[in-house]
Amino acid sequence: MPTVADLRDFLVKGCSLVTILIYLLIAGLLVAAAVVGAIESIQLLKAAAAMPTQETLTAALQSILLIIVIATLIDMVRSYVTYGRVLVRPILIAGITTMVRRLLVASPSFLDVIGITIVILGLTVAMIYLGREDRTVTKFLSGDKEAVENEAAKTGEPDSASK
(Lines give C-alpha, C1' and ligand atoms only; values in the text may rest on other atoms or scores of the structure.)
Protein backbone atom coordinates (compact mmCIF):
# COMPACT_ATOMS: atom_id res chain seq x y z
CA MET A 1 0.00 0.00 0.00
CA PRO A 2 1.42 3.39 -1.00
CA THR A 3 2.38 5.72 1.80
CA VAL A 4 1.77 9.43 1.99
CA ALA A 5 5.43 10.03 1.15
CA ASP A 6 5.13 7.87 -1.99
CA LEU A 7 2.01 9.78 -3.08
CA ARG A 8 3.73 13.11 -2.41
CA ASP A 9 6.79 12.05 -4.45
CA PHE A 10 4.55 10.91 -7.30
CA LEU A 11 2.68 14.23 -7.32
CA VAL A 12 5.91 16.26 -7.18
CA LYS A 13 7.42 14.31 -10.09
CA GLY A 14 4.18 14.60 -12.08
CA CYS A 15 3.92 18.35 -11.53
CA SER A 16 7.59 18.81 -12.41
CA LEU A 17 7.11 16.86 -15.62
CA VAL A 18 4.05 18.92 -16.58
CA THR A 19 5.95 22.14 -15.86
CA ILE A 20 8.90 21.05 -18.00
CA LEU A 21 6.55 20.06 -20.84
CA ILE A 22 4.89 23.49 -20.68
CA TYR A 23 8.30 25.21 -20.75
CA LEU A 24 9.34 23.08 -23.73
CA LEU A 25 6.15 24.09 -25.54
CA ILE A 26 6.90 27.73 -24.75
CA ALA A 27 10.47 27.26 -26.03
CA GLY A 28 9.14 25.83 -29.29
CA LEU A 29 6.79 28.78 -29.73
CA LEU A 30 9.59 31.24 -28.95
CA VAL A 31 11.88 29.58 -31.49
CA ALA A 32 9.10 29.81 -34.09
CA ALA A 33 8.62 33.50 -33.23
CA ALA A 34 12.37 34.10 -33.52
CA VAL A 35 12.46 32.46 -36.96
CA VAL A 36 9.50 34.52 -38.18
CA GLY A 37 11.11 37.63 -36.67
CA ALA A 38 14.42 36.89 -38.38
CA ILE A 39 12.68 36.55 -41.74
CA GLU A 40 10.89 39.85 -41.17
CA SER A 41 14.15 41.49 -40.06
CA ILE A 42 15.86 40.43 -43.27
CA GLN A 43 13.00 41.90 -45.31
CA LEU A 44 13.13 45.13 -43.30
CA LEU A 45 16.90 45.36 -43.73
CA LYS A 46 16.50 44.91 -47.50
CA ALA A 47 13.91 47.70 -47.50
CA ALA A 48 16.22 49.90 -45.41
CA ALA A 49 19.11 49.24 -47.81
CA ALA A 50 16.93 50.15 -50.79
CA MET A 51 15.58 53.31 -49.16
CA PRO A 52 17.57 54.27 -46.04
CA THR A 53 15.21 56.55 -44.18
CA GLN A 54 14.80 56.94 -40.46
CA GLU A 55 11.53 55.01 -40.55
CA THR A 56 12.92 51.99 -42.39
CA LEU A 57 16.06 51.85 -40.24
CA THR A 58 14.01 52.19 -37.06
CA ALA A 59 11.70 49.38 -38.14
CA ALA A 60 14.67 47.11 -38.88
CA LEU A 61 16.30 47.96 -35.55
CA GLN A 62 13.05 47.35 -33.67
CA SER A 63 12.73 43.95 -35.30
CA ILE A 64 16.31 42.99 -34.42
CA LEU A 65 15.89 44.09 -30.80
CA LEU A 66 12.70 42.02 -30.58
CA ILE A 67 14.68 38.96 -31.69
CA ILE A 68 17.21 39.68 -28.93
CA VAL A 69 14.38 39.76 -26.37
CA ILE A 70 13.01 36.47 -27.71
CA ALA A 71 16.50 34.92 -27.57
CA THR A 72 16.89 35.91 -23.91
CA LEU A 73 13.48 34.41 -23.14
CA ILE A 74 14.60 31.19 -24.85
CA ASP A 75 17.70 31.28 -22.64
CA MET A 76 15.47 31.66 -19.59
CA VAL A 77 13.49 28.56 -20.59
CA ARG A 78 16.75 26.68 -21.22
CA SER A 79 18.02 27.55 -17.77
CA TYR A 80 14.79 26.32 -16.19
CA VAL A 81 14.88 23.01 -18.04
CA THR A 82 18.61 22.58 -17.34
CA TYR A 83 18.82 23.72 -13.72
CA GLY A 84 15.22 23.46 -12.51
CA ARG A 85 14.97 27.14 -11.67
CA VAL A 86 14.42 30.40 -13.48
CA LEU A 87 17.56 32.51 -13.49
CA VAL A 88 17.16 36.26 -13.06
CA ARG A 89 19.86 37.38 -15.49
CA PRO A 90 18.01 36.53 -18.77
CA ILE A 91 14.89 38.31 -17.53
CA LEU A 92 16.89 41.42 -16.67
CA ILE A 93 18.62 41.35 -20.07
CA ALA A 94 15.22 41.12 -21.77
CA GLY A 95 14.03 44.09 -19.68
CA ILE A 96 17.04 46.22 -20.58
CA THR A 97 16.68 45.36 -24.27
CA THR A 98 12.98 46.20 -24.15
CA MET A 99 13.68 49.57 -22.54
CA VAL A 100 16.38 50.39 -25.11
CA ARG A 101 13.96 49.35 -27.83
CA ARG A 102 11.35 51.69 -26.37
CA LEU A 103 13.86 54.55 -26.30
CA LEU A 104 14.89 54.02 -29.91
CA VAL A 105 11.57 53.20 -31.48
CA ALA A 106 9.00 55.35 -29.72
CA SER A 107 9.17 59.10 -29.78
CA PRO A 108 9.35 59.61 -26.04
CA SER A 109 9.08 62.98 -24.35
CA PHE A 110 11.94 64.29 -22.25
CA LEU A 111 10.34 62.97 -19.05
CA ASP A 112 9.84 59.56 -20.67
CA VAL A 113 13.52 59.47 -21.63
CA ILE A 114 14.52 60.25 -18.04
CA GLY A 115 12.15 57.58 -16.68
CA ILE A 116 13.30 54.93 -19.15
CA THR A 117 16.95 55.77 -18.43
CA ILE A 118 16.34 55.34 -14.70
CA VAL A 119 14.68 51.97 -15.34
CA ILE A 120 17.62 50.88 -17.53
CA LEU A 121 20.09 51.90 -14.82
CA GLY A 122 18.06 50.05 -12.17
CA LEU A 123 17.91 46.91 -14.29
CA THR A 124 21.65 47.14 -14.97
CA VAL A 125 22.47 47.43 -11.27
CA ALA A 126 20.14 44.51 -10.53
CA MET A 127 21.82 42.47 -13.26
CA ILE A 128 25.26 43.17 -11.78
CA TYR A 129 24.27 42.07 -8.28
CA LEU A 130 21.68 39.37 -8.98
CA GLY A 131 23.50 38.07 -12.04
CA ARG A 132 26.50 37.28 -9.85
CA GLU A 133 24.28 35.03 -7.72
CA ASP A 134 22.91 33.36 -10.87
CA ARG A 135 26.44 32.52 -12.05
CA THR A 136 27.31 30.99 -8.67
CA VAL A 137 24.08 28.99 -8.51
CA THR A 138 24.54 27.78 -12.09
CA LYS A 139 28.07 26.61 -11.33
CA PHE A 140 26.88 24.94 -8.14
CA LEU A 141 23.99 23.15 -9.86
CA SER A 142 26.25 21.95 -12.65
CA GLY A 143 28.48 20.31 -10.03
CA ASP A 144 31.47 22.64 -10.40
CA LYS A 145 32.15 23.08 -6.69
CA GLU A 146 35.69 24.36 -7.29
CA ALA A 147 34.37 27.19 -9.50
CA VAL A 148 31.86 28.10 -6.78
CA GLU A 149 34.62 28.28 -4.18
CA ASN A 150 36.81 30.37 -6.53
CA GLU A 151 33.90 32.76 -7.19
CA ALA A 152 33.30 33.15 -3.45
CA ALA A 153 37.01 33.79 -2.87
CA LYS A 154 37.09 36.48 -5.60
CA THR A 155 34.11 38.36 -4.19
CA GLY A 156 35.15 37.85 -0.59
CA GLU A 157 31.71 36.49 0.23
CA PRO A 158 30.94 33.24 2.03
CA ASP A 159 29.92 30.34 -0.19
CA SER A 160 26.15 30.73 0.14
CA ALA A 161 25.20 28.44 -2.77
CA SER A 162 26.67 25.30 -1.22
CA LYS A 163 25.03 25.76 2.19
Side-chain angles (χ1 to χ4, degrees), residues 2 4-48 55-108 112-113 115-145 147-148 151 160-163:
V4 173
D6 292 338
L7 181 60
R8 184 189 69 220
D9 289 344
F10 175 76
L11 290 174
V12 167
K13 287 178 184 175
C15 290
S16 295
L17 180 63
V18 168
T19 304
I20 288 174
L21 289 174
I22 290 170
Y23 269 97
L24 289 174
L25 175 66
I26 291 169
L29 293 172
L30 286 170
V31 168
V35 169
V36 170
I39 292 169
E40 181 183 357
S41 292
I42 291 169
Q43 292 171 346
L44 289 170
L45 285 171
K46 285 180 184 177
E55 292 81 22
T56 58
L57 292 172
T58 301
L61 182 61
Q62 180 179 9
S63 181
I64 292 168
L65 289 172
L66 181 60
I67 293 171
I68 292 171
V69 170
I70 293 171
T72 56
L73 293 175
I74 292 170
D75 187 45
M76 180 191 69
V77 171
R78 181 200 54 82
S79 70
Y80 180 80
V81 172
T82 303
Y83 302 114
R85 68 178 279 179
V86 175
L87 299 178
V88 176
R89 191 175 181 90
I91 296 169
L92 294 173
I93 291 171
I96 291 170
T97 307
T98 300
M99 290 292 109
V100 168
R101 184 173 170 241
R102 181 174 295 223
L103 264 179
L104 295 175
V105 174
S107 298
D112 290 337
V113 170
I116 292 170
T117 304
I118 290 170
V119 170
I120 290 171
L121 288 173
L123 289 170
T124 303
V125 169
M127 189 171 69
I128 290 169
Y129 288 105
L130 296 175
R132 184 178 304 147
E133 178 186 331
D134 276 355
R135 286 190 301 271
T136 305
V137 169
T138 303
K139 289 175 186 173
F140 176 74
L141 292 174
S142 65
D144 194 355
K145 189 170 182 165
V148 173
E151 183 89 17
S160 61
S162 61
K163 292 183 180 177

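Keep in mind the model is a prediction, meaning the values are calculated, not measured.
- Rounding to the nearest 0.5 Å places CD1 of I64 at 9.5 Å from CD1 of I42.
- Separating the CE atom in M99 from the OG1 atom in T124 is a distance of 11.5 Å, to the nearest 0.5 Å.
- Among all heavy-atom pairs drawn from S63 and G37, the shortest one is OG-O, 3.6 Å.
- What you find for R101 and L65 is that their closest heavy atoms are CA-CD1, 3.7 Å.
- Smallest separation of non-hydrogen atoms from L45 and A60: CD2-CB, 3.7 Å.
- Of all heavy-atom pairs spanning P90 and D75, the tightest one is CG-OD2, 3.5 Å.
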| field | Audit row: I70, I74, side chain to side chain contact (heavy atoms under 4.5 Å, CB included) steps and yes/no | value | CA-CA 6 Å; I70 293 171; I74 292 170; 4.0 Å; yes

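- Atom-to-atom distance recorded for L103:CG and I120:CD1 is 4.5 Å, nearest 0.5 angstrom.
- A pairwise comparison of heavy atoms in Y80 and T19 identifies OH-CG2, 3.2 Å as the closest pair.
- Within 6.0 Å of atom CZ in R102, 12 or fewer heavy atoms from other residues, nucleotides or ligands are found, so the atom counts as exposed in its surroundings.
- Here the CD-CG distance, from Q62 to L57, works out to 13.0 Å after rounding to the nearest 0.5 Å.
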| said: Go through it in stages, so that I can follow the logic: the residues are I26 and I22, the test is side chain to side chain contact (heavy atoms under 4.5 Å, CB included), and I'd like the CA-CA distance, side-chain angles, deciding distance and then a yes or no. | reply: CA-CA 6 Å; I26 291 169; I22 290 170; 3.9 Å; yes

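- In this structure, CG in L61 is found 11.5 Å from OG1 in T56, a value given to the nearest 0.5 Å.
- Interatomic distance, T98 OG1 to I116 CD1, rounded to the nearest 0.5 Å: 11.0 Å.
- Under the 3.5 Å distance criterion, the side-chain polar atoms of T97 are matched with a main-chain donor or acceptor of I93.
- Contact record, T72 with V69: OG1-O, 2.7 Å, taken as the closest heavy-atom pair.
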